[in-house]
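By convention here, the first residue in the shown sequence is residue 1.
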Amino acid sequence: MSFPLLTATAALPAIGAIATAAVPAAQRVAAKWLALLVSLATLVLAAIVLVRFDPGGDRYQLTESHAWIKDFGVRYELGVDGIGVALVALTALLIPFVILAGWHDADPQETGSKRWRPTQGFFALILAVEAMVIISFEATDVFLFYIFFEAMLIPMYFLIGGFGDRAHEHGDDAAATQRSYAAVKFLLYNLVGGLIMLAAVIGLYVVAGNFSLQEIVQARADGSLHMATNTERWLFLGFFFAFAVKAPLWPLHTWLPNAMGEATAPVAVLITAVVDKVGTFAMLRFCLQLFPEASKWATPVILVLALISIIYGALLAVGQRDIKRLVAYASISHFGFIILGIFAMTSQGQSGATLYMVNHGISTAALMLVAGFLISRRGSRLIADYGGVQKVAPVLAGTFLIGGLATLSLPGLAPFVSEFLVLVGAFERYPAVGIVATFGIVLAALYTLVLYQRTMTGPVKAEVAEMPDLRVRELLVVAPLIALLIFLGVYPKPVTDIVNPAVQQTMSDVHKTDPKPEVEAAK
């Protein structure tokens, strides 16, 4: 039997989480280094997966399949296509930066907490989330995917509620109450979505007789499995609802600003750059492949919801007083673009949506982590408490600017290419939708530049006059992310070459082809 590379990529952080949690209480530094080394080793395994993946080969590669619960047709099946392998690589890439950025976030002497906060637990939970997210991107058994889709809520709940942001304008008790509220809201929203999805998963088994994604898709393609129209639509809605909560899509988005606002900056990155990507990924892998006709049936409504997310999220970002909530609402707008690209049902749109998942993860990580470094220095998340930072901490201000410019999709930075592809894909089939979505770009420029102007320029406020610039550890976090944003902005081909074949296969599953240009051929 060949080496189970996909299992190893998910199992290593899971084992690392257990080992980190078991480190003796007095050895907090050892726990940090262990977690960092495990995350780097996982990154090496993810890089091997990426290298071994052949974009021109079979749809699902490095596959593993073993009987698990025979009586219910549940199998331990893993496999990655171009979309999955790109997101596995993104997850493994970001976790070391999350760990480095949160190096002191669970230290009592750094947070000022009056109670001991287990550093080992903090980093163990991060590794546990990484393991569950990676296996979610690899699972090709629907039931296996569902288990980890739900299980990742548990460590995220404790990361938000137990290790929340201490930079809060209220007292310690009020801050703890806000963290608890945000954590419970996150858990309840996602649990409700998961329970509805569980009903749909059971319904799928009743109809198909098994949980294997590949077998069900093949049976539908060759006509041996037929779903009644209403059955397919109800099942699609059950899956889509859960994914729309996770994504998050308006009006199921309200948990995200609370969760990101109350979490530490690294955990906020974990939420929006890693965990939320499972929702949009699952729309491509499960909704479109399992329920192609229902996906086309629901497209008009989903496009409207995506447009509302784009404009609504951007408008609320413009009016925010809190830096982290501003980034959260900006992410809601960006997820609207991703879902728009998926359901535009064009190859450009879906390629752009997949590339957007990768680029949004990098750009949001860069912006949010620099914002976290800024907030930790001043002890406040309020925009009004800053001013003139670029004069006392120019490197911090410069990296903050690049992260912000990436957020507004400036040409030359990675998100521009993906946003451009999404809009081209939308214009091809739904011109009116593309026109409305374009206003999101204008609003993004507004909230990003206003944020920079209010925090970084103008007279130096007394409270920031002695603010130190980025330290070596912080530069090690930010510099590689900035370099990636520039590299993928200039040369996105390495990612598009991987994802495009998977996008074409997904388009084939839903029996869609790109519209032909309405231009007469030159004579």
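With a 4.5 Å cut-off on side-chain heavy atoms, F373 and R471 do not count as touching. Between V278 and M152 the shortest side-chain heavy-atom distance falls below 4.5 Å. Counting only heavy atoms from C-beta outward, the side chains of L451 and L326 approach each other to under 4.5 Å. Two residues are said to be in side-chain contact when any heavy atoms from C-beta on lie closer than 4.5 Å; P155 and M132 meet this criterion. With contacts defined as side-chain heavy-atom distances shorter than 4.5 Å, the pair T506/R285 does not qualify. With contacts defined as side-chain heavy-atom distances shorter than 4.5 Å, the pair F149/K246 qualifies. Side-chain contact between Y430 and L340 is absent, with no heavy atoms from C-beta onward closer than 4.5 Å. A 4.5 Å side-chain heavy-atom check between F241 and L252 finds at least one atom pair inside the cut-off.
Taking R377 as the reference, E474 meet the salt bridge (Lys or Arg N to Asp or Glu O under 4.0 Å) condition, with sequence neighbours excluded. Listed by chain and residue number, nothing satisfies the ring pair (Phe, Tyr, Trp, His ring centres under 6.0 Å) test with Y329 (two or more places apart in sequence, or in another chain).
Shown are I95, V129, L6, T91; of these, the side chain to side chain contact (heavy atoms under 4.5 Å, CB included) with I134 is made only by T91.
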Could you go step by step and tell me if E262 and R381 meet the salt bridge (charged side-chain N to carboxylate O under 4.0 Å, His left out) rule?
CA-CA 10 Å; E262 299 305 324; R381 297 168 4 205; 3.7 Å; yes
Ring pair (Phe, Tyr, Trp, His ring centres under 6.0 Å) for Y312 and H253? Distances and angles first, verdict last.
CA-CA 11 Å; Y312 175 83; H253 67 284; 5.2 Å; yes
Could you go step by step and tell me if K32 and H104 meet the side chain to side chain contact (heavy atoms under 4.5 Å, CB included) rule?
CA-CA 9 Å; K32 296 176 185 180; H104 297 299; 3.7 Å; yes
Do Y189 and T254 pass the side chain to side chain donor-acceptor pair (under 3.5 Å) test, and can you show the C-alpha distance, the side-chain angles, and the key distance before you say yes or no?
CA-CA 9 Å; Y189 267 66; T254 59; 2.7 Å; yes
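Aromatic ring pairs are classed by plane angle as parallel below 30°, tilted from 30° to 60° and perpendicular above 60°; the pair H334 and Y356 is tilted.
Remark: side-chain polar atoms of Y452 are not paired, donor with acceptor, to backbone N or O of T457 under 3.5 angstrom. In this structure, the side chain of T399 engages the main chain of L396 through a donor-acceptor pair within 3.5 Å. Within the 3.5 Å criterion, the main-chain N or O of V245 finds a donor-acceptor partner in the side chain of W255.
Rounded to the nearest 0.5 angstrom, M368 CE and T264 OG1 are separated by 9.5 Å. Of the inter-residue distances, the one linking L423 atom CG with F420 atom CZ reads 8.5 Å to the nearest 0.5 angstrom. From L367, atom CG reaches atom CD1 of I362 across 14.0 Å, with rounding to the nearest 0.5 Å.
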